Amino acid sequence: MSKRIYLSSPTMHGEEQRYIKEAFDTNWVAPLGTNVNEFEKELASYVGVGHAAALSAGTAALHLAMKLAGVTDGDVVFCSDLTFAATVNPVSYEKGVQVFLDSEEESWNMDPRALEKAFEKYPNPKAVVLVNLYGTPAKLDAIKDICSAHQVPLIEDAAESLGAVYHGKQTGTFGTFGVFSFNGNKIITTSGGGMLVSDDAAAIEKARFWATQSRDPARHYQHSEIGYNYRMSNIVAGIGRGQLKALDLHIQKKKAIYETYQKEFASIPEIRMNPYLPGSAPNFWLSCMTIDPASKVTPLDVMVALEQENIESRPIWKPMHMQPVFATHDFIQVADGVPVSERIFERGVCLPSDVKNTEEDMERIIGIVKGLFA
Ligand SMILES: *Cc1c(COP(=O)(O)O)cnc(C)c1O
């Protein structure tokens with residue numbers, strides 16, 4: 001069997017171990033410590049935001065963002081429809097109600113026109129949660145303007161888009177709150193972890209308080225609020241500090257992968273790579289393609305053919321409005337007919353986008369795909 005080619009696996013560089021060793025040498029294995037403080041500062045400085053709280057997962061960061069936005073019993077929250085469930089599950093943790101908004105075709109992200117329409121139907125949502133899917137920035141200016149006009153906080157799920165830029169500004173910094181993930185398959189990883197960012201110092205301080213069991217400032221163990229065990233450990237943060245130094249390199253490699261696919265598949269009219277907006281620079285976390293429904297080749301054909309050669313690929317995230325758990329939730333699309341998110345889901349495939357992909361790996365993948373269309 002040929003060497004396995006992964007969708008997106010961890011890529012370590014050695015620097016990570018230096019920070020871990022430092023933590024061991026000073027016995028700051030846990031809790032918190034220098035690596036946590038420095039990782040927060042370094043990430044905040046990289047993306048250009050005032051404050052950051054290092055947490056155990058991106059999902060934990062999204063949960064605390066919901067709490068900071070004040071989401072509670074029965075509150076409506078507008079959510080991206082085409083995303084991973086972790087973007088929207090935290091709404092339920094706080095007993096809010098998700099209303100899903102369809103995508104546009106140009107970046108696959110939340111359609112600002114669907115957002116306008118949603119405000120007509122539900123004038124008082126508690127928050128808007130938007131994802132930059134697969135590392136591609138959404139129409140962030142338009143969406144931010146609509147949220148500001150309605151004075152509703154925007155929560156930007158940048159779990160997949162660390163390092164991506166829209167109109168010169170880093171994703172994760174457009175919203176009132178931004179969220180990053182360092183899960184194993186993300187563009188940089190700490191094995192598991194997340195970060196909540198904001199320019200609101202008090203909000204980030206509050207998040208740290210909730211994340212460490214809501215301990216009141218008293219010598220005895222006193223609690224006036226429900227708390228969580230959501231903090232990142234000092235070891236994990238050490239991996240993050242090392243990985244952050246490699247982020248630009250990872251983006252460069254992923255961009256090269258995307259451009260190789262784009263160039264090689266340009267000769268097959270039924271294939272289209274995932275699009276991005278003018279004025280945006282994705283981090284190219286995952287290269288995806290859609291196949292024209294008139295083609296004899298289906299996305300499943302591609303996934304099966306790749307798997308037979310020990311190459312990992314994945315379907316596009318299944319839209320939230322199609323999920324059994326959200327069957328009773330409202331879904332807003334701009335025009336009648338098959339929703340944009342559903343069409344992308346049905347025609348799409350995520351292609352291997354591993355930083356470690358070699359030229360030969362790319363040739364193998366591309367050869368198999370091209371063979372199907374021949
Ligand atoms: C990975 C991911 C998350 C969750 O992050 P974790 O660190 O795994 O909790 C949230 N949203 C999106 C879009 C993701 O891809």
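Whatever order the structure lists them in is the order used to number ligands and atoms, beginning at 1. In this text the structure is predicted, and so the values were computed from the model without any measurement.
Using modelled atom types, one side-chain atom of Y258 and one backbone atom of N274 make a donor-acceptor pair closer than 3.5 Å.
Below 30°, between 30° and 60°, or above 60°: for H63 and Y228 the angle between ring planes is above 60°, a perpendicular geometry. A perpendicular orientation is assigned to the rings of H329 and F326, their planes being inclined by more than 60° (bins at 30° and 60°).
Cation-pi geometry between K169 and F174 is met: the NZ or CZ atom falls under 6.0 Å from the ring centre, inside 45° of the normal. Under a cutoff of 6.0 Å and an axis angle of 45°, R4 and Y6 form a cation-pi pair.
What you find for T59 and P90 is that their closest heavy atoms are O-CG, 4.0 Å.
Contacts of ligand 1 (protein heavy-atom distance under 4.0 Å) are A57, G58, T59, L62, T83, F84, A86, T87, V131, D157, A159, E160, S181, N183, K186, G193.
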